[in-house]
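Read through the structure below, which is laid out as structure tokens, and then see the notes.
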Amino acid sequence: MKYVELNSGDQMPLLGLGTWQLRGEKCTKSVKEALDIGYNHIDTADGYDNHQAVGRGIKKANIDRKELFITSKIKPENLHYDDIKADAERFLDELEIEYLDLLLIHWPNKKIPLKESLKALKEIKEEGLAKNIGVSNFTVNHLRDAMEIYPDLVAVNQVEFHPTLYQKELLNFCQENGIVLTAYSPLARGEIFENEVINKLAEKYNRSASKLALKWLIDKNIVAIPKASSSEHLKANFDLFGWELPAEAREKMDQLNQDNRIIDPSWAEFNY
Ligand SMILES: NC(=O)c1ccc[n+]([C@@H]2O[C@H](COP(=O)([O-])OP(=O)(O)OC[C@H]3O[C@@H](n4cnc5c(N)ncnc54)[C@H](OP(=O)(O)O)[C@@H]3O)[C@@H](O)[C@H]2O)c1
């Protein structure tokens with residue numbers, strides 16, 4: 001595993017398991033299997049309705065809590081002060097853990113003052129219920145707002161990011177301000193396998209399209225959280241260390257941006 005340092009000094013694993021749409025026994029099995037393979041980072045959210053199943057997978061894997069990095073997210077409708085405070089406690093109960101490594105605002109919500117949400121999150125961090133605080137689906141302007149309220153509170157911004165949605169300006173802003181970027185849908189929800197350029201590179205360098213796309217991210221110090229449920233995919237996505245991404249592959253993937261945003265729900269504030 002490789003790590004990136006957060007503004008708290010904590011080390012965040014550059015690869016994690018995404019769990020959106022994993023539920024019940026299937027979710028528990030995938031989480032346990034991932035941890036058995038060597039993953040040590042799990043991404044969940046209240047909105048995925050799988051905290052208990054993730055928690056059972058963690059318990060079954062029987063790994064020292066200190067070795068794990070667990071992220072969850074607060075729903076955009078629950079961003080009032082009291083709701084956040086109650087959610088943090090509930091998440092820990094559901095996951096059966098004592099603290100989260102990272103707690104994120106899942107989506108910005110202009111109907112609830114950011115100052116109120118960040119105050120609650122800051123207290124949660126001070127109380128030790130979450131070691132780090134972050135956001136998700138924030139634009140540069142949202143991040144600027146957050147930094148004006150508390151300059152160093154936001155440690156991570158989790159956004160959609162893959163070669164066909166190469167958000168360079170957002171990445172630069174985050175990295176210049178000590179905010180780690182996490183890439184969700186790093187395989188473009190499977191579209192990576194239909195990309196002609198990446199497929200040609202995969203053939204030439206004898207590495208799968210998914211490995212090239214994930215390596216492209218982690219080489220930029222971007223955390224990647226691919227979701228996988230089959231053993232085959234879990235193992236394949238873990239094989240990212242101990243080999244180099246050829247410069248030609250990096251340069252060609254750097255040229256693939258099409259502003260191809262796949263996740264764009266009605267409540268998103270991407271134009272802010
Ligand atoms: N913050 C947010 O708003 C937000 C939004 C979206 C996602 N996320 C997070 O990001 C995670 C990942 O994103 P995502 O689930 O949208 O998409 P993704 O990781 O880009 O793609 C997942 C799909 O790729 C398949 N796959 C995985 N590894 C593969 C491999 N080696 N070869 C072939 N197919 C492979 C999976 O199949 P199998 O399941 O069959 O293995 C699944 O169908 C989510 O699970 C969630 O944790 C966050």
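Note that ligands are numbered from 1 as they come in the structure, with each ligand's atoms numbered from 1 the same way.
- Near ligand 1, residues Gly18, Thr19, Trp20, Asp43, Tyr48, Lys73, His106, Trp107, Ser136, Asn137, Gln158, Tyr184, Ser185, Pro186, Leu187, Ala188, Arg189, Phe193, Ser210, Ile225, Pro226, Lys227, Ala228, Ser229, Ser230, His233, Ala236, Asn237 each place a heavy atom inside the 4.0 Å sphere around the ligand atoms.
- Using modelled atom types and a 3.5 Å distance limit, the side chains of Asn257 and Asp259 yield a donor-acceptor pair.
- Using modelled atom types, one finds no donor on one side chain facing an acceptor on the other under 3.5 Å when comparing Glu33 with Tyr39.
- In this structure, Leu100 and Asn132 have side chains that are not in contact, with every pair of non-hydrogen atoms separated by 4.5 Å or more.
- In the model, Ser185 has no side-chain atom that pairs as donor or acceptor with a side-chain atom of His162 under 3.5 Å.
- In summary, the aromatic rings of Phe238 and His233 are positioned with their centroids too far apart to meet the 6.0 Å limit.
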* Asked: Stepwise, does the salt bridge (Lys or Arg N to Asp or Glu O under 4.0 Å) test hold for Lys211 with Asp239?
  -> CA-CA 7 Å; Lys211 288 182 196 183; Asp239 176 26; 2.8 Å; yes
